[in-house]
Amino acid sequence: MINARLEEVINKQINAELYSAYLYLSMSAYFESVNLPGFANWMKVQFEEEQFHGLKFFNYLISRGGRVKLDTIEVPKFEWKNAIEVFEETLEHEKHVTALLNNIAEVAEEEKDRATRNLMIWFIDEQVEEEGNAEKIINELKMIGGEGHGMLMLDREFATRTFVPPTGA
Ligand code: MG
């Protein structure tokens, strides 16, 4: 059975992952409102990934004999200035999530819980990709100045993104 300290931080992380899902769904709605359906699709895939993360922690806590305690999900932001601002906030948010995950890994070390430590390796590796994706898109948006033909090309590219459940999950 998992110890109480880890049970608490994992419950908080379930909430953080579901808030991430909610935030990206709100960003998806924003992109729909400014006629960028490909960007909206990209964010909808992000929403699915975050739900998957939340569920992965949910299932893990139960498999370790822990008690899942769901909490209120914070209301996400609704409006943004432009696509660059959306992705800059995405990057900041993912850095915050990385810090939360690093903290869980530290608690797992302190509590000598190797199974949780191993789970956190998967999540922390995943964060490298999450932060990298956002950085890459910010750079591309800056290159094209966030408008014109370049936006149309990016929107078409983002329309093809699909959710693929990670292997070994
Ligand atoms: Mg996540």
Side-chain angles (χ1 to χ4, degrees), residues 2 5-32 38-64 66-78 80 83-109 111 113-141 157-169:
I2 200 156
R5 205 173 151 218
L6 278 166
E7 185 181 80
E8 192 187 336
V9 287
I10 292 171
N11 266 312
K12 282 197 174 135
Q13 195 61 31
I14 292 171
N15 189 268
E17 299 292 344
L18 294 181
Y19 169 72
S20 299
Y22 222 31
L23 175 65
Y24 294 138
L25 191 61
S26 187
M27 288 173 171
S28 179
Y30 162 75
F31 282 128
E32 291 286 0
F39 279 76
N41 174 66
W42 196 96
M43 281 299 173
K44 216 175 274 169
V45 172
Q46 202 70 10
F47 160 73
E48 289 182 289
E49 273 194 19
E50 300 305 339
Q51 284 185 301
F52 178 87
H53 294 164
L55 210 49
K56 193 172 169 83
F57 276 116
F58 178 100
N59 291 334
Y60 176 73
L61 195 51
I62 289 169
S63 76
R64 292 292 308 280
R67 182 73 168 90
V68 168
K69 191 179 171 204
L70 298 178
D71 205 347
T72 310
I73 300 170
E74 194 189 324
V75 176
K77 195 171 157 179
F78 173 73
W80 287 268
I84 292 178
E85 190 186 54
V86 173
F87 280 95
E88 279 173 345
E89 284 182 20
T90 297
L91 178 60
E92 284 316 301
H93 181 67
E94 288 302 330
K95 284 181 178 170
H96 167 68
V97 171
T98 301
L100 294 177
L101 294 168
N102 282 333
N103 177 59
I104 299 176
E106 274 165 36
V107 175
E109 298 270 355
E111 301 296 337
D113 186 322
R114 294 199 168 79
T116 303
R117 194 192 59 184
N118 288 347
L119 179 75
M120 298 324 295
I121 291 170
W122 184 89
F123 272 101
I124 291 166
D125 284 349
E126 179 85 355
Q127 285 307 112
V128 176
E129 195 193 312
E130 296 284 359
E131 289 186 27
N133 281 344
E135 276 168 2
K136 180 172 173 277
I137 294 169
I138 290 166
N139 287 336
E140 288 173 339
L141 286 170
E157 182 192 325
F158 292 166
T160 64
R161 188 184 190 204
T162 54
F163 175 64
V164 183
T167 49

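In each ligand, atom 1 is the first atom listed, and ligand 1 is the first ligand listed.
Separation of atoms NZ (Lys12) and CD1 (Ile10) is listed at 12.5 Å; rounding is to 0.5 Å.
The local environment of CZ in Phe31 is crowded, with over 12 non-hydrogen atoms from other residues, nucleotides or ligands closer than 6.0 Å. The environment of NZ in Lys77 is crowded: more than 12 heavy-atom neighbours from other residues, nucleotides or ligands sit within 6.0 Å.
Around the Mg ion (ligand 1), protein N, O or S atoms at less than 2.8 Å comprise Glu17 OE1, Glu50 OE1, His53 ND1.
Scored by the side-chain contact (heavy atoms from CB on, under 4.5 Å) test, Asp113 finds Ile2, Leu6, Tyr60, Arg64, Ala115, Thr116 as partners (sequence neighbours excluded). Take Glu109 and apply the side-chain contact (heavy atoms from CB on, under 4.5 Å) test, not counting sequence neighbours, and it matches Arg117. Qualifying side-chain contact (heavy atoms from CB on, under 4.5 Å) partners for Ile73, counting only residues two or more places apart in sequence or in other chains: Asn15, Leu18, Tyr19, Tyr22.
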